[in-house]
Enquirer: 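Provided herewith is a single structure, encoded as structure tokens, for subsequent inquiry.
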There are 2 protein chains.
Amino acid sequence: MSTATEAPEHAGRSYHHGDLRSALVCAAVARVEQVGAEHVSLRAVAAEVGVSPSAAYHHFADKDALLGEVAATGLHMLVESVGAEVAAIAGDTREAARLRFRAAGQAYVSFALSHPQLFRVAFSPYCLEHPGVPTTDDGSVPVLSELLNDLVSTGGMNADVRDDSEDVFVATLHGLATLALQGMIPAERVPQLLSKIEQLIGVDD
Amino acid sequence: MSTATEAPEHAGRSYHHGDLRSALVCAAVARVEQVGAEHVSLRAVAAEVGVSPSAAYHHFADKDALLGEVAATGLHMLVESVGAEVAAIAGDTREAARLRFRAAGQAYVSFALSHPQLFRVAFSPYCLEHPGVPTTDDGSVPVLSELLNDLVSTGGMNADVRDDSEDVFVATLHGLATLALQGMIPAERVPQLLSKIEQLIGVDD
DNA sequence: CCACGGAACTTGATGTTGTTCAGATTGACG
DNA sequence: CGTCAATCTGAACAACATCAAGTTCCGTGG
């Protein structure tokens, strides 16, 4: 995001770009957000950076590889966004843990709704073709995993409920975000459904 | 699906095709399933049907409009598939209703895993650009809606739990399917998670 | 029975796209 | 100061979406 055209010393004008790779990814992210991944052209991205189309092939095997990087970036931003909202709520109390849980759900859906195209490409086949997906460690999202640990340790959730609930919670959140994005669930129902989910999953009152 | 190249009388060889529109959609569906929506070309679809590329423009405004029809077809097939599995289980008992519920969940995820590209395009921006999405009536999927009514009327679910649970159930199913498709949830955990969902949502034992 | 109008499709052309490759340019290192 | 590898350019190519103009077909009214 911040690695756009700010090359170390010689910004822009020299023959060598300095950090073309991240500049291309950054421009591609912007373009994806504007027109959607399926309408992004390699040439347009290269032109925006001020470089010939073939320059991209020294950093990416494919157009798909570039989009793969965009997908990975999208996932990263999603996790960062959720993490930031969660981290903003401090405290060891059960109440704080419950607020963090709530904030995580809202942040996940909010990100999807405010970055629809990026969210979509993050869960498209592109990110499978590329390694370096930063969210999955043992197959689950670290932020949400810690979140549940938090709830358990503060007594906001039963420990035996936890393990199965994690994947269910992630799945529900993701489904909610996707369907809201698609317009199949009205956005104004989302908060209500989020609290319903908390209730079902067993976040104790 | 069955409206491929079987024109009413004069099949195939005449100048006029008979039912080019559905033939194109059908071929496009096949091609999407093979290579994914982002790698489908209008020309290849037209060639498969045995028609010049520009012929498609008499039936669709755009390549995107054709893919929109593919998306709608995908949604339709998904609903049909779930509906068929549910309808295969007869009976008015609470037990039967519970089995139907279980079958619906499995069918939903199974469809996603066995038609990954079609499932993806069905929930891509393409289907927004096109009317005629057959799944949503008041915003929810009819099959699943009836399913829950079923459960309630046979005593398998509390009536007051129903309304909120519907969207949550759909969202969870959809999230589960998407994440399994993405490899973020191992496919072998899906049945376990499905029963967990039933339990959480309040399908009485 | 026949001309005619319109719908369905083709041909040919245009501009854009992804991709490749031979060569020009550069900074770093000896 | 010269060499070298990394980086970028430019021109080229095939495939692509799209469109305008022409061609073939079918049904319909005279």
Side-chain angles (χ1 to χ4, degrees), chain A residues 3-28 31-32 34-70 121 125-126 129-130, chain B residues 3-28 31-32 34-70 121 125-126 129-130:
Chain A
T3 39
T5 37
E6 30 162 324
E9 317 273 302
H10 38 37
R13 49 209 69 274
S14 92
Y15 192 89
H16 285 26
H17 185 279
D19 195 4
L20 222 204
R21 185 183 169 89
S22 4
L24 285 173
V25 172
C26 179
R31 208 120 196 125
V32 164
Q34 285 169 25
V35 300
E38 52 272 337
H39 294 124
V40 168
S41 79
L42 220 224
R43 297 175 102 99
V45 171
E48 194 164 304
V49 176
V51 111
S52 99
S54 28
Y57 287 85
H58 286 265
H59 301 275
F60 304 96
D62 245 0
K63 180 194 179 187
D64 283 7
L66 172 58
L67 287 177
E69 205 83 345
V70 171
V121 79
Y126 289 121
E129 298 161 12
H130 211 74
Chain B
T3 40
T5 38
E6 27 161 327
E9 316 274 301
H10 37 32
R13 44 214 69 274
S14 93
Y15 192 90
H16 287 28
H17 184 279
D19 195 4
L20 222 204
R21 185 184 169 90
S22 2
L24 285 173
V25 172
C26 180
R31 223 140 180 109
V32 164
Q34 285 168 25
V35 300
E38 50 272 339
H39 295 123
V40 168
S41 80
L42 223 221
R43 299 176 97 94
V45 171
E48 194 164 304
V49 177
V51 114
S52 98
S54 27
Y57 288 84
H58 286 264
H59 300 275
F60 304 96
D62 245 359
K63 179 193 179 185
D64 284 7
L66 172 59
L67 286 177
E69 206 82 345
V70 171
V121 79
Y126 289 122
E129 296 161 12
H130 210 75

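Chain A is the first sequence line, chain B the second, and so forth, proteins listed ahead of strands; every chain is numbered from 1. Note: hydrogens, waters and symmetry copies are ignored here, and every other heavy atom, side chains too, is used. All values reported here derive from a predicted model rather than from experimental measurement.
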Enquirer: Specify the separation, in whole Å, of atom OH of Tyr57(B) and atom P of dT10(C).
Expert: 14 Å
Enquirer: Using a 4.0 Å heavy-atom cut-off across all strands, classify Val40(A) as base, sugar-phosphate, or nothing.
Expert: sugar-phosphate
Enquirer: Between dA8(C), dT19(C), dT9(D), which nucleotide has the shortest distance from any of its atoms to the side chain of Val51(A)?
Expert: dT9(D)
Enquirer: Rounded to the nearest 0.5 Å, how far does CZ of Phe60(B) lie from CZ of Arg21(B)?
Expert: 4.5 Å
Enquirer: Just to be sure I understand the rule, does Ser52(B) reach a base, reach only the sugar-phosphate, or reach nothing, if contact means heavy atoms closer than 4.0 Å?
Expert: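 The residue Ser52(B) makes base contact.
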Enquirer: To the nearest Å, give me how far apart NE2 (His58(B)) and P (dT18(D)) are.
Expert: 14 Å
Enquirer: Looking only at N and O atoms, is any donor in the side chain of Ser54(A) or the base of dG10(D) less than 3.5 Å from an acceptor on the other one?
Expert: yes
Enquirer: If you take atom types as modelled and just measure distance, does the side chain of Arg43(B) reach the base of dA15(D) with a donor-acceptor pair under 3.5 Å?
Expert: no
Enquirer: Atom CD of Glu38(B) and atom NZ of Lys63(A): how far apart are they, to the nearest 0.5 Å?
Expert: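 Those atoms lie 9.5 Å apart.
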Enquirer: Roughly how many Å is it from CG in Leu20(A) to C1' in dT25(C), rounded to a whole number?
Expert: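 So the CG-C1' distance, Leu20(A) to dT25(C), works out to 14 Å.
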Enquirer: Given atom CG of Leu66(B) and atom C1' of dA17(D), what is their separation to the nearest angstrom?
Expert: 12 Å
Enquirer: Among the nucleotides dT19(C), dC8(D), dT10(C), which one has an atom lying closest to any side-chain atom of Lys63(A)?
Expert: dT19(C)
Enquirer: In whole Å, what is the span from the CD atom of Glu38(A) to the P atom of dG18(C)?
Expert: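 For the pair Glu38(A) CD and dG18(C) P, the rounded distance is 13 Å.
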Enquirer: Taking the minimum atom-to-atom distance to the side chain of Ala55(B), which one of dT9(D), dC16(D), dC9(C) wins?
Expert: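 Closest nucleotide among those given: dC9(C).
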Enquirer: Which pair of non-hydrogen atoms, one from Glu69(B) and one from Val25(B), has the smallest distance, and what is that distance?
Expert: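 For Glu69(B) and Val25(B), the tightest heavy-atom pair comes out as CG-CG2, 3.5 Å.
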Enquirer: Taking 4.0 Å as the cut-off, does a side-chain nitrogen or oxygen of His59(A) come that near to OP1 or OP2 on dC8(D)?
Expert: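 For His59(A), the contact criterion (side-chain N or O under 4.0 Å from OP1 or OP2 of dC8(D)) is met.
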Enquirer: To the closest 0.5 Å, what do you measure between CZ (Arg31(A)) and SG (Cys26(A))?
Expert: 12.5 Å
Enquirer: For Arg31(B) and dA15(D), give me the distance from atom CZ to atom P, rounded to whole Å.
Expert: 14 Å
Enquirer: Phe60(A) has an atom CZ; how far is it from atom C1' of dT19(C), in whole Å?
Expert: 16 Å
Enquirer: Write down the atom of Ala46(A), the atom of Leu24(A), and the distance for their closest heavy-atom approach.
Expert: CA-CD2, 4.2 Å
Enquirer: Please state how far atom CG in Asp19(A) lies from atom P in dG27(C), giving the value in whole angstrom units.
Expert: 16 Å
